[in-house]
S.K.: 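Dumping the structure here so I can ask a few things about it.
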Amino acid sequence: MANIKSQIKRIKTNEKARLRNKSVRSSIKSAVRKFRDTVTAGDASAITTELRSASQALDVAVAKGVLHKNAAANKKSSMAKAAAKAGAR
């Protein structure tokens, strides 16, 4: 355990950030998983709504600094490609 006061504070803030990042990452994974399940089911309107919600989750993660913008763009692109292949507009 640290003895320096500022380091003790950093340990506390790092733990808060870790928990917040973990929550955001979990919500991203859930949204993407829900999208993939919808693509498998094949309902075009549901695919569109799930794509939109997953994209929003990715954008929130980028805004919070949890995910790099290029990583989010790659995920969004591959999801859009999958949606187009499934026949969603």
Side-chain angles (χ1 to χ4, degrees):
M1 186 66 193
N3 293 326
I4 299 165
K5 191 173 185 179
S6 61
Q7 190 57 38
I8 292 169
K9 288 180 185 178
R10 285 303 301 161
I11 290 169
K12 286 180 185 176
T13 58
N14 287 343
E15 181 63 16
K16 284 181 191 173
R18 186 185 72 81
L19 293 174
R20 189 168 43 243
N21 292 345
K22 185 178 172 185
S23 170
V24 172
R25 264 189 240 111
S26 175
S27 67
I28 291 170
K29 287 179 185 177
S30 297
V32 171
R33 191 177 305 117
K34 204 170 180 184
F35 168 76
R36 287 193 188 125
D37 291 342
T38 308
V39 168
T40 306
D43 182 17
S45 61
I47 289 172
T48 306
T49 57
E50 290 303 327
L51 176 63
R52 191 174 294 124
S53 66
S55 294
Q56 280 180 328
L58 288 165
D59 290 338
V60 167
V62 169
K64 289 181 183 261
V66 176
L67 199 64
H68 193 274
K69 65 180 181 177
N70 291 349
N74 286 337
K75 286 184 191 296
K76 285 164 58 172
S77 173
S78 65
M79 286 191 306
K81 221 181 269 188
K85 190 174 180 182
R89 300 187 104 208

S.K.: Rounded to the nearest 0.5 Å, what separates atom NZ in Lys9 from atom CD1 in Ile11?
M.R.: 13.0 Å
S.K.: With rounding to the nearest 0.5 Å, note down the distance linking CD1 in Ile8 to CD1 in Ile4.
M.R.: 8.5 Å
S.K.: Please name the pair of heavy atoms, one in Leu51 and one in Ala80, separated by the smallest distance, quoted to 0.1 Å.
M.R.: CD1-N, 4.0 Å
S.K.: Salt-bridged, Arg18 to Glu15, with N to O below 4.0 Å?
M.R.: yes
S.K.: Considering non-hydrogen atoms only, spot the tightest contact between Ala72 and Leu58 and give its length.
M.R.: O-CD1, 4.1 Å
S.K.: Which atoms form the tightest heavy-atom contact between Ala2 and Gln7, and what is the distance?
M.R.: CB-CG, 3.6 Å
S.K.: Taking only distance into account, with no hydrogens and no angle test, what donor-acceptor pairs under 3.5 Å do side-chain atoms of residues 22-39 form with protein atoms, sequence neighbours excluded?
M.R.:
| unit_1 | atom_1 | unit_2 | atom_2 | d |
| --- | --- | --- | --- | --- |
| Ser27 | OG | Val24 | O | 2.7 |
| Ser30 | OG | Ser26 | O | 3.0 |
| Thr38 | OG1 | Lys34 | O | 2.8 |

S.K.: If you measure from OG1 on Thr48 to CG on Asp43, what distance do you get to the nearest 0.5 Å?
M.R.: 8.5 Å
S.K.: Listing request: all salt bridge (charged side-chain N to carboxylate O under 4.0 Å, His left out) pairs with a residue in residues 46-69, at least two apart in sequence or in separate chains.
M.R.: Asp59-Lys76
